[in-house]
Amino acid sequence: MKSLENRMFKGTYLQEMPHAWRGGRKIKLAAGAAAIWLSASGGAFSQGLPPGPAVGERAPQSAAAAAAEPLSLAKAIELALEGNPEVAAAKRQWEATEGQVLQGRSRPNPELAYSLEDTRSKTRTQSWQLNLPVELGGKRAARTKAAEKTREQAQAQLAELQATVRANVAAAYFDVLTAQERLVLARDSAALAKSSTDTVSKRVAAGKVSPVEESKARVAEAGVRVELAQAASEQRNALSRLFALLGRIDAPYTVLEGKAENLPSVPSLADLQPLISSAPGVVLARIEVDRREALTALELSKRVPDVTVSVGMQRSNETQRNVLLFGVSVPLPIFDRNQGNLLEALKLEDKARDELQAASVRLHSEVAQGQERLSTITAEVQSLQQDVLPGAKSAYDAATIGFENGKFNFLEVLDAQRTYFTAKSQYLKALGEAHRAAADIDRLLGASMVPGLIATQH
């Protein structure tokens, strides 16, 4: 039982052979099998090596190597930015705004007009006229600038979404790591509960303890098996959430690189506050203000009427003469001076400024809360790692040794075991919370704004 306890929380459980002579017996059997195989395959070696797998078939070794390829956090973020459907849709939206810029730079089309006076051929008069609109008041420049601001807004929305995806992938990645650690803990707990049940059964058979102790041990073992099933389900769900963020339905990677114990750095609030002005949310709100200003300038330019210049020719069959035509038309802004659209643009511009102020205040508060949360959770993790876990482990070791020597009953051992595993579970939960807090700050401030905030591997 002591040797089993020393192998806890390592992810693997190696069973030792109960008798040393089994190793020698295995060597002898392996040597005999090798001799039989060599004698049976002598003809094959004399004729050359056996053919490899056919074209299109994958060797089992290569498939196993691909399945065992580790997935780093940096690689997961790269795959998510490439394969996430929401990011792909945002890129398409950004590319679509290029059409607005091209349309804004376009000039108005000329107009060709034809008129006919009198249907009788002798007195018929025909006119051909080309009308050319001329935009005044800087409408084309204002329209182009508004379209360019819309393109910048789509690009800022893409950057904000990429920062969100990066933070979500980091949180899901470390959720998988902590779920794997929790599964290892549950397996070790189940193995230890099984060993404890066997030990109590032997003591009951020897008449040293009451049969009630064995019943309690078996109940405790059943509860641990339930926790093991829950930990396995949680680990599978965490993997499913991670690969969904990568845009994958299957699970191409089964091994994750890194450890959940790699805590992120805790930056000070004074270092984070200057970064708020360049955060994705603030940048997006600022671009919205610029876009609204451009739209206001566009509505102002529409108050200046456009001029249409006309040039053409008129042919009279009665006089058999061609007459040149010149003309200018200007709309009179008497009733419609675009006052309603201008008022709306001005109010929406004020609204955008208010939203920028609100976004800045909200981001300051959220960053401060995130930094405080990360600092508190990091201190909790360090306290659990340095004080709580060693103390619980020491108490559990003492209770186990005392139980083996007959000084403690099984309830005391079970209580010490529960205390130790509860502390370990609390430690893993705090690790997950620390990584989620760091990912939340990274989402607020933008990807890679704070080096070391997300503990990426390679």
Side-chain angles (χ1 to χ4, degrees), residues 70-94 154-182 234-260 262-267 272 275-276 278-284 359 362-363 366-367 369-371 373-374 377-378 428-458:
L71 176 65
S72 64
L73 177 56
K75 181 65 175 178
I77 293 175
E78 180 183 354
L79 292 175
L81 295 180
E82 292 177 356
N84 189 277
E86 294 182 1
V87 175
K91 287 182 180 179
R92 296 292 180 268
Q93 179 65 30
W94 173 47
Q155 188 175 7
Q157 290 174 347
L158 174 61
E160 185 181 33
L161 180 59
Q162 288 175 340
T164 302
V165 170
R166 169 188 163 91
N168 291 340
V169 169
Y173 186 91
F174 285 105
D175 282 345
V176 174
L177 288 179
T178 53
Q180 290 177 348
E181 293 290 338
R182 193 173 292 109
E234 182 180 351
Q235 192 259 352
R236 290 190 297 269
N237 291 335
L239 275 174
S240 177
R241 290 192 298 268
L242 175 61
F243 292 122
L245 290 172
L246 304 186
R248 302 293 297 268
I249 300 177
D250 56 345
Y253 297 91
T254 57
V255 179
L256 268 62
E257 190 178 275
K259 297 181 179 179
N262 295 335
L263 286 175
S265 60
V266 183
L272 295 178
L275 303 176
I276 295 178
S278 57
V282 175
V283 171
L284 185 59
R362 181 177 65 253
L363 200 59
E366 292 178 354
V367 169
Q369 294 177 21
Q371 193 274 342
R373 178 172 165 232
L374 178 59
I377 295 176
T378 303
L428 294 176
K429 181 180 179 181
L431 284 176
E433 290 293 331
H435 290 296
R436 279 190 289 272
D440 193 44
I441 296 177
D442 187 84
R443 175 186 60 81
L444 293 173
L445 296 180
S448 303
M449 290 295 296
V450 186
L453 186 59
I454 293 181
T456 56
Q457 286 78 29
H458 305 294

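Of all the heavy atoms in Ile377 and Ala430, the pair that sits closest is CG2-O, 3.2 Å. In plain terms, the two heavy atoms of Pro280 and Ala163 that are nearest each other are CG-CB, 4.4 Å. Ala172 and Leu245 make their closest contact through CB-CD1, 3.8 Å (heavy atoms, listed as atom of the first residue, atom of the second, distance). Of all non-hydrogen atoms in Leu284 and Glu160, the two that sit nearest each other are CD2-OE1, 3.3 Å. Shown here for Leu445 and Leu272, the closest heavy-atom pair between the two residues is CD1-CD2, 3.6 Å. The two residues Ala434 and Pro264 make their nearest non-hydrogen contact at O-CG, 4.1 Å.
Every residue two or more places apart in sequence or in another chain that forms a side chain to side chain contact (heavy atoms under 4.5 Å, CB included) with Thr164 is listed here: Asn168, Arg443. Checked against side-chain hydrogen bond (donor to acceptor under 3.5 Å, both in side chains), Glu366 has no partners two or more places apart in sequence or in another chain. Under the rule for a side-chain hydrogen bond (donor to acceptor under 3.5 Å, both in side chains), Asn84 has no partner lying at least two apart in sequence or in another chain.
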Q: Starting from the C-alpha separation in whole Å, work towards a yes-or-no answer on side-chain contact (heavy atoms from CB on, under 4.5 Å) for Leu363 and Leu444.
A: CA-CA 7 Å; Leu363 200 59; Leu444 293 173; 3.8 Å; yes
(Q) Please determine whether side-chain contact (heavy atoms from CB on, under 4.5 Å) holds for the pair Gln235 and Leu239, giving the CA-CA distance in whole Å, both sets of side-chain angles, and the decisive distance to 0.1 Å. (A) CA-CA 6 Å; Gln235 192 259 352; Leu239 275 174; 3.6 Å; yes
(Q) Using the rule given for side-chain contact (heavy atoms from CB on, under 4.5 Å), can you reason through Leu158 versus Gln93, listing the C-alpha separation, both sets of side-chain angles and the distance that settles it, and then say yes or no? (A) CA-CA 9 Å; Leu158 174 61; Gln93 179 65 30; over 6 Å; no
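At a threshold of 4.5 Å between non-hydrogen side-chain atoms, the residues Asn262 and Leu177 do not count as touching. For the pair Lys91 and Val87, the minimum side-chain heavy-atom distance is below 4.5 Å. Between Arg241 and Val176, every side-chain heavy-atom pair lies at or beyond the 4.5 Å cut-off. Taking 4.5 Å as the limit, some side-chain heavy atom of Gln371 sits within range of a side-chain heavy atom of Val266.
Atoms OH and CD1, from Tyr173 and Ile77 in turn, are 9.5 Å apart once rounded to the nearest 0.5 Å. How far CG of Leu73 is from NE2 of His435: 9.5 Å, rounded to the nearest 0.5 Å. A distance of 6.0 Å separates CG in Leu263 from OG1 in Thr378, rounded to the nearest 0.5 Å. Note that the CG atom of Leu275 and the CD1 atom of Ile441 stand 11.0 Å from one another [nearest 0.5 Å]. With rounding to the nearest 0.5 Å, the separation of CD in Glu234 from CZ in Arg182 is 4.5 Å. Atom CG in Leu374 sits 11.0 Å away from atom CD in Glu433 (nearest 0.5 Å).
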